[in-house]
2 protein chains.
Amino acid sequence: MEPHEPDLTAVPVTSVLAALADDVRLQIVRALAEGGESPCGSFDFGVSKATRSHHLKVLREAGLTRTRAAGTSRLVRLRRDELDKLYPGLLDAVLTQRPPA
Amino acid sequence: MEPHEPDLTAVPVTSVLAALADDVRLQIVRALAEGGESPCGSFDFGVSKATRSHHLKVLREAGLTRTRAAGTSRLVRLRRDELDKLYPGLLDAVLTQRPPA
DNA sequence: GGCGTCGTTCGATAGTTGTCGAACAACGGT
DNA sequence: ACCGTTGTTCGACAACTATCGAACGACGCC
């Protein structure tokens, strides 16, 4: 099965933004930025595993993450270097948790 | 009628990102960044005026633009200062036109 | 006052997306 | 070989969104 991890330059900006424009996915990205490479199962944000898998797929296909198999789990990591290079400031602007109100 | 121009800090990041995650709206934002305050009618990107009005509303309600009446037209402008302050790097990262391929 | 321009709003529609449970697949341990 | 764990995939369904034409409203001008 192809991992579908596209070249970031081939992904339209709108797709990158759309991938980030979801609360669950943004939490995943934040967790990845803080905790580094993590297994899929570590992202427990109140959605079913089917939904979580869906969101991880969106992130992967938008070029935001890479996934590799590791035994029984799959490790996900942020493609931070590439993102910072192609869209300097994007992640920083989005990652900093805003005050709730 | 209230113009619905929210305080940027009250708009969830996901809404800001969602507003930018559309090709037509991104073109509008780019045009605004380049040309400054412009009338609605100047954004002719192959959609009907109804659709254009819809996109401008999305941008306005996401806190990205401000609109003011001026005679028979309405002038739209980017809230760049506020955006750059709250999300430094966001606009810059998104505004720079990528090479098509 | 009447007309044309500019823009918004309404209702409809087609497409996309987030969500779930259930079924399936892969792997490690016992 | 069997299980339990971990993820993915498959419908299905509800909610949202982009799009349009048509109707409407506001303004300036003749």
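Just so it is clear, the structure is predicted and the values come from calculations on it, not from any experiment. Chain identifiers are assigned alphabetically (A, B, ...) following the order of the sequence lines, protein sequences preceding nucleic acid strands; residue numbering begins at 1 within each chain.
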Check: Can you check whether A:Thr72 has a side-chain N or O nearer than 4.0 Å to OP1 or OP2 of D:dT6?
Finding: no

Check: So which nucleotide from C:dA22, D:dG7, C:dG7 ends up closest to the side chain of B:Lys49?
Finding: C:dG7

Notebook entry, point to check: Any idea which of C:dA22, D:dT19, C:dT19 is nearest the A:Val24 side chain?
Noted result: C:dT19

Margin query: Are the side chains of B:Val16 and B:Leu90 in contact, using a 4.5 Å heavy-atom criterion?
Written below: yes

Check: Are OP1 or OP2 of C:dC20 and a side-chain N or O of A:Ser48 less than 4.0 angstrom apart?
Finding: yes

Check: Rounded to the nearest Å, what distance is computed from the CZ atom of residue A:Phe43 to the C1' atom of nucleotide C:dT19?
Finding: 19 Å

Next item on the list: Scan B:Ser73 against the nucleic acid and name what it touches under 4.0 Å (heavy atoms): base, sugar-phosphate only, or nothing.
Entry: sugar-phosphate

Next item on the list: Report the residue (A:Val47 or B:His54) whose heavy-atom-nearest nucleotide on DNA chain C is the more 5′ of the two.
Entry: B:His54

Notebook entry, point to check: Hey, is the side chain of A:His55 poking within less than 4.0 Å of OP1 or OP2 on C:dT17, counting only N and O atoms?
Noted result: no

Next item on the list: Take atom CG of B:Leu56 and atom P of C:dC6, then tell me their distance rounded to the nearest Å.
Entry: 15 Å

Item checked: Steps toward side chain to side chain contact (heavy atoms under 4.5 Å, CB included) verdict (B:Val13, B:Tyr87) -> CA-CA 9 Å; B:Val13 198; B:Tyr87 301 111; 3.7 Å; yes

Item checked: Between C:dG18 (P) and A:Leu20 (CG): distance, integer Å -> 12 Å

Margin query: Measuring to OP1 and OP2 of D:dA18, would you say a side-chain N or O of B:Arg25 lies under 4.0 angstrom away?
Written below: yes

Next item on the list: Kindly compute the distance separating CD1 (A:Ile28) from CG (A:Leu56), expressed to the nearest 0.5 Å.
Entry: 4.5 Å

Item checked: Interatomic distance where CD belongs to A:Glu61 and C1' belongs to D:dT9 [whole Å] -> 13 Å

Notebook entry, point to check: Starting at CG of B:Leu75 and ending at P of C:dC6, how long is that distance when rounded to a whole Å?
Noted result: 13 Å

Check: The side chain of B:Ala50 lies closest to which of these nucleotides: C:dG7, D:dG7, C:dT9?
Finding: C:dT9

Check: Reckon A:Val58 touches a base, only the sugar-phosphate, or nothing at all at heavy-atom distances under 4.0 Å?
Finding: nothing

Item checked: Approximate separation, where rounding is to 0.5 Å, of A:Leu91 CG and A:Leu83 CG -> 5.0 Å

Notebook entry, point to check: NZ of B:Lys57 versus P of D:dA18: gap in Å, rounded?
Noted result: 12 Å

Check: So how far is it from A:Arg79 CZ to A:Arg66 CZ, rounded to the nearest 0.5 Å?
Finding: 3.5 Å

Next item on the list: Check the distance between C:dG18's P and A:Leu59's CG and give it to me in whole angstrom.
Entry: 10 Å

Check: Considering only side-chain heavy atoms of A:Arg60, which listed nucleotide, D:dT8, D:dT19, D:dG7, is closest?
Finding: D:dT8

Check: Could you state the CG-C1' distance from A:Asp44 to D:dG7, rounded to the nearest angstrom?
Finding: 14 Å

